[in-house]
2 protein chains.
Amino acid sequence: MTNHNIASPQDFLKEIIFRKVSPTEDEWSAFIELWKPFKFSRNELITDFGAIENYFYFVNEGVIRGYFIKDGEDFNMGFSYQGDFSGVYNSFVSRKPADYAMDALTEVNGLRITHTDLMNLFESHKVFEKWGRLFNEMILVGLGIFVQSILADSAEERFRKLMKRSPHIIQFIPQKHLASYLGMTPETFSRMRKKWME
Amino acid sequence: MTNHNIASPQDFLKEIIFRKVSPTEDEWSAFIELWKPFKFSRNELITDFGAIENYFYFVNEGVIRGYFIKDGEDFNMGFSYQGDFSGVYNSFVSRKPADYAMDALTEVNGLRITHTDLMNLFESHKVFEKWGRLFNEMILVGLGIFVQSILADSAEERFRKLMKRSPHIIQFIPQKHLASYLGMTPETFSRMRKKWME
DNA sequence: CTCGAAACTTGATACAGATCAAGAAATCAC
DNA sequence: GTGATTTCTTGATCTGTATCAAGTTTCGAG
């Protein structure tokens, strides 16, 4: 696993933001001072169902899981790793109670900003408003691919695509969570894994 | 069906945009002059697979279908009606070849703007950049609900939710398309419809 | 380190929804 | 309007994946 904590979380965030937009030094200062460090321990609940998400997260180290529960069963929406943004984003933007929750799969740390601060930043600096739009577009493109796969691919195809895209993921995310993410049971996942490794 | 063509498409678009942001009259003029009328006839292909989507559409009248094809089978991603925006949006924003296509389910007309013009508008007017961000957020929230339903709901639940949300939809969208949108076969859709109406 | 809990594997069985088929109804192009 | 084409319905059968069950391995808290 790449070790990003040689640089500070702030520098890491800067690198990620500058991939999309180019704020001036002053703009950057105004931006970065509003992001505060956070830390959660393994299995800790970060945002619960029904809460209104007040933070937008940047993951420096660790893994966050987004999920919802239906009839007692977990459904994973996705995972956030080093260098990803995270949060119960639809609640964050709509200011409505969260219909999914978020917890820490490992110890996780990074930076986060409140909704108020981010909105103020958007109002006062066009460059960040633009970044917000571009970020949303990136998420939309990813979700679109996910939807196509869920609609059209068999369980086996979804499994194979995941293995091709991120073969290492199986090392640090429990299989039951990956199974849920792919829309299959842990048993089915296990059987496919066996078949795959032969 | 509500008859929106009493007002001009331009006024209709204005109403929709002003729900989210409040441009000045000058800003509005700069905006609206870049939107050009379009018209497609029933069953006409609007954007094909592999093309780079060059337009962002506003539907004044009619219905547009977004879909992709896998192993010869159609999968509908969604429909755009009066007052909706449309287009192969992930291709439009990413400038990569479209992985889904769009056609007209009925005669359809409205306004559209080119990618270049919209990007220039975003650059020159913060208010529209903001609108772009808010629009993306709205789409994200909707996609999130769709994903949750596909992952966790049975075919019957998805059917019932659609009937509750838009009971009239069955009047003007062929059942095979609705079936595909819900991720089931037309046969299954037909059986559920029968059960539902009893 | 260790032991108890959680995660994973593997086999047997069940079932929702797909597929196949063929007739009935609706709709569109002319 | 009307015939051809497409869509819809209904029944019979099939199948991928879920469910249930029971043993095995892994992991992490203390």
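If you're wondering where the values come from, they're calculated on a predicted model, not measured in any experiment. Lettering of chains follows the sequences in order, A, B, ..., and the numbering in each one begins at 1.
Atom CD in A/E157 sits roughly 13 Å away from atom C1' in D/dG16 (whole-Å rounding). The distance between atom CD of B/E73 and atom P of C/dC20, rounded to the nearest whole Å, is 11 Å. With rounding to whole Å, B/L178 atom CG is found 13 Å from D/dT7 atom P. Nucleotide C/dA16 holds its P atom 17 Å from the CZ atom of B/F159, rounded to whole Å. Distance, B/I173 CD1 to D/dC8 P: 12 Å, rounded to whole Å. To the nearest angstrom, P of C/dG17 lies 11 Å from CG of B/D153. Atoms CD (B/E156) and P (C/dC15) sit 16 Å apart, rounded to a whole Å. Summarising the geometry, the separation between CD1 on A/I150 and C1' on D/dT17 is reported as 14 Å, rounded to the nearest angstrom.
Among A/R42, A/E44, A/H177, the single residue meeting the side chain to side chain contact (heavy atoms under 4.5 Å, CB included) criterion with A/L105 is A/H177. Each of B/T106, B/N43, B/D74 was scored for a side-chain hydrogen bond (donor to acceptor under 3.5 Å, both in side chains) with B/R65, with one residue passing: B/D74. When each of A/F58, A/F92, A/Y57 is tested with A/F85 by the rule ring-ring contact (aromatic ring centres under 6.0 Å, His included), just one qualifies, namely A/F58.
The shortest distance between the side-chain N/O atoms of A/Q175 and the OP1/OP2 oxygens of C/dT9 is below 4.0 Å.
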Side-chain atoms of residues 133-151 of chain B: list all donor-acceptor pairs with protein atoms under 3.5 Å, sequence neighbours left out, distances to 0.1 Å.
| unit_1 | atom_1 | unit_2 | atom_2 | d |
| --- | --- | --- | --- | --- |
| B/R133 | NE | A/E129 | OE2 | 2.3 |
| B/R133 | NH1 | B/E137 | OE2 | 3.1 |
| B/R133 | NH2 | A/E129 | OE2 | 3.4 |
| B/N136 | OD1 | B/Y89 | OH | 2.5 |
| B/N136 | ND2 | A/R133 | O | 3.3 |
| B/N136 | ND2 | B/G132 | O | 3.4 |
| B/Q148 | NE2 | A/D99 | O | 3.3 |
| B/S149 | OG | B/D153 | OD2 | 2.9 |

Which parts of nucleotides 23-30 of chain C does protein reach within less than 4.0 Å, heavy atoms only, written one letter per nucleotide 5' to 3' as B for base, S for sugar-phosphate only and - for none? -----S--
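Near DNA chain D, meaning a heavy atom under 4.0 Å away, the residues from residues 180-197 of chain A are A/G183, A/M184, A/T185, A/E187, A/T188, A/R191.
Residues A/K161 and A/L182 are not in side-chain contact: their nearest non-hydrogen atoms beyond the backbone lie 4.5 Å or more apart.
Under the 4.5 Å side-chain heavy-atom criterion for ILVMFWY residues, a single connected hydrophobic cluster contains both B/I69 and B/F79.
The neighbour count for B/K195 NZ, taken as heavy atoms of other residues, nucleotides or ligands under 6.0 Å away, does not exceed 12.
The aromatic rings of A/F31 and A/F128 lie parallel to each other, their planes meeting at an angle below 30°, with 60° marking the opposite boundary. Aromatic ring orientation, B/F75 versus B/F68: parallel (interplanar angle below 30°, classes split at 30° and 60°).
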